[in-house]
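Here it is, the structure in full.
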Amino acid sequence: MKFLFVGAGAVGGYFGGRLLEKGADVTFLVREGRRRNLQEKGLVIHSDYGNATLSPKTMIAGEEVEPYDVILLSTKAYHLDNAIDDVRPYVGENTMVIPLLNGMAHYNKLDEQFGKEKVIGGLCYIEATLDSEGAVIQKGPLHMLVFGERSGQESERIIKLAEAFKGTKSDFQLSSTIIEDLWHKYLFIATMSGITTLMRAPIGPICNHPSGMETIKQLTKEIIDVMNVAGAPISNELETIQMEKIANLAPEMKSSMQRDMEKGLPVEADHLHGYLLEIAKTNNLSVPVLEAVYANLKIYERTR
C-alpha cells in the first residue's frame, strides 16, 4: 500500500515515521520549509518506544504523481480546506481517506468532497510535539491510532489496511465501533480543552477546587446532553467513564488548545465547541458552561 501523510508534524511525523521505519511506502506532503528540514536532518523521532532517524520521501502540493491507496489527514481544523485542495489530485477511485482531526464536523465536509465511501473513521491518542530542530518528541504511554469503517463492517479493504499497519512500533487498532469511539473522544477533548482554556490552568488545580470540579461535571453533562439529542451512539456510562479518566490525569496536564492559546496561536473553537453549540441551539438545550467556553475562545480569537 502507498501511504500519503498530509504534513510531517508531531502526529503525522510520528505515525508516518513508524510505518516508514518498518518498510512501508510512505510519502509526506509538506511545505517547502519542512521539506528542506527533512532533507537536511531526516525525520527524527525521540520516544520511549524507540528512537529513529529516517530518510522520508516528500512532495509539495501540485506535483504530478499517481493516486495513493491511503491518505491520512492530521491537520488542524482551520487548515482542513487547504488540505482538501492539496490532496484532491491524489485521491483515486479506491483511495481511503483517514482524518485524525478531533470532533465530528469534518466528516460532512470530507464526504461532500470525496464521497462518503472513501472516508474512513480515524482518531489518535498521543502526546507529541516538534522541538526547535523539527524532531518529533513523543512522551507518555499513549501512541495509539484507531481506525475503522464507519459502518462497523470488517471490509476487505479495512482488513488489508490493518495488515499494512502491523509490525510497527506504534499502536494501530482496528475498531468495529469507530463512530462511538469518535464521539467518546470528542467529549473528552471538548471538555478538557474547554475547561483548561476557560480557567487558564492545568487540570490539577481545577479539579482540586470544589467549584472547578463542579464546572467540569456540568460541562460534561451539557455535552453529553447535546450528543444525545444529536443521536450519537454513546455509552450510557459515558459520564462515569469521563470523570474517572479526568481524575486519573496528571495534575500538570494541559490541553493542546490551552498550549496553543499560551503561544498566541489559532484555536479550533468553531470546529469543536461551536459545532456542539449549534446542535444545542437547534434543539433548545440550555448549555451555559458550553456557552461560556465558546465565548472565551471567540474573544481570544478576536483579540490575540
Taking Lys298 first and then Asp270, would you say they form a salt bridge - that is, a charged N and a carboxylate O separated by under 4.0 Å?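 Yes, charged N to carboxylate O under 4.0 Å.
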Would Ser235 and Glu180 satisfy side chain to side chain donor-acceptor pair (under 3.5 Å), going step by step from the backbone distance to the final call? CA-CA 8 Å; Ser235 167; Glu180 180 179 302; 5.8 Å; no
Under 4.5 Å between side-chain heavy atoms, counting indirect links through other Ile/Leu/Val/Met/Phe/Trp/Tyr residues: same cluster for Ile45 and Ile137 or not?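 Hydrophobic grouping puts Ile45 apart from Ile137.
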Enumerate donor-acceptor pairs with a distance under 3.5 Å from any side-chain N or O in residues 113-126 to protein atoms, sequence neighbours excluded.
{"from": "Gln113", "atom 1": "OE1", "to": "Arg88", "atom 2": "NH1", "distance (Å)": "2.8"}
{"from": "Gln113", "atom 1": "OE1", "to": "Arg88", "atom 2": "NH2", "distance (Å)": "3.1"}

Between Lys2 and Tyr68, is NZ or CZ placed under 6.0 angstrom from the six-membered ring centre and within 45° of the ring axis?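 Yes.
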Check for me whether the distance between the ring centres of Tyr78 and His271 falls short of 6.0 Å.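 Between His271 and Tyr78, which both carry aromatic rings, the centre distance is not below 6.0 Å.
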Using salt bridge (charged side-chain N to carboxylate O under 4.0 Å, His left out) as the criterion, list what pairs up with Arg35, not counting sequence neighbours.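 In terms of salt bridge (charged side-chain N to carboxylate O under 4.0 Å, His left out), with neighbours along the sequence ignored, Arg35 is linked to Glu63.
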Just checking, any donor-acceptor pair under 3.5 angstrom between side chains of Asn296 and Arg200?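 There is such a pair (donor and acceptor under 3.5 Å, judged by atom type) between the side chains of Asn296 and Arg200.
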Can you list the steps and then say if Lys166 with Glu163 is a salt bridge (Lys or Arg N to Asp or Glu O under 4.0 Å)? CA-CA 5 Å; Lys166 282 184 178 178; Glu163 285 294 323; 3.0 Å; yes
So, Phe165 versus Phe3, ring centres under 6.0 angstrom or not?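 So the answer is yes for these two rings.
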Does atom CD of Gln153 have more than 12 heavy-atom neighbours, drawn from other residues, nucleotides or ligands, at distances under 6.0 Å?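 No, not enclosed.
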Flag the pair Lys76 and Asp260 as a salt bridge only when some basic side-chain nitrogen lies within less than 4.0 angstrom of an acidic carboxylate oxygen.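 So Lys76 pairs with Asp260 through a salt bridge.
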Would you say the side-chain atoms of Glu214 and Gln218 include a donor-acceptor pair closer than 3.5 Å?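 On atom types as modelled, these side chains do not qualify, holding no pair under 3.5 Å.
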Any Leu297 side-chain heavy atom under 4.5 Å of Met257 side chain: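 A side-chain contact under 4.5 Å exists here.
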Quick one: is the NZ or CZ of Lys245 closer than 6.0 Å to the six-membered ring centre of Phe188, and within 45° of its axis?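 Output yes; distance and angle both within limits.
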Can you find a side-chain donor-acceptor pair between Gln242 and Thr191 that sits under 3.5 Å?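 Yes, a side-chain donor-acceptor pair sits under 3.5 Å.
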Are the charged groups of Asp225 and Lys221 less than 4.0 angstrom apart, N to O?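 Lys221 and Asp225: salt-bridged.
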When clusters are formed by joining ILVMFWY residues with side-chain heavy atoms under 4.5 Å apart, either directly or through shared neighbours, do Phe172 and Val97 land in the same one?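 No, because Phe172 and Val97 fall into different hydrophobic clusters, even though each may have its own neighbours under 4.5 Å.
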Any chance you could measure Ile195, atom CD1, to Met192, atom CE, to the nearest 0.5 Å?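 Going from CD1 on Ile195 over to CE on Met192, the span is 9.5 Å.
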Between CG on residue Leu80 and CG on residue Asp86, distance to nearest 0.5 Å: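 Separation between the atoms: 10.5 Å.
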Going by heavy atoms in the side chains, are Thr197 and Val267 under 4.5 Å from each other?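 No; the side chains remain at least 4.5 Å from each other.
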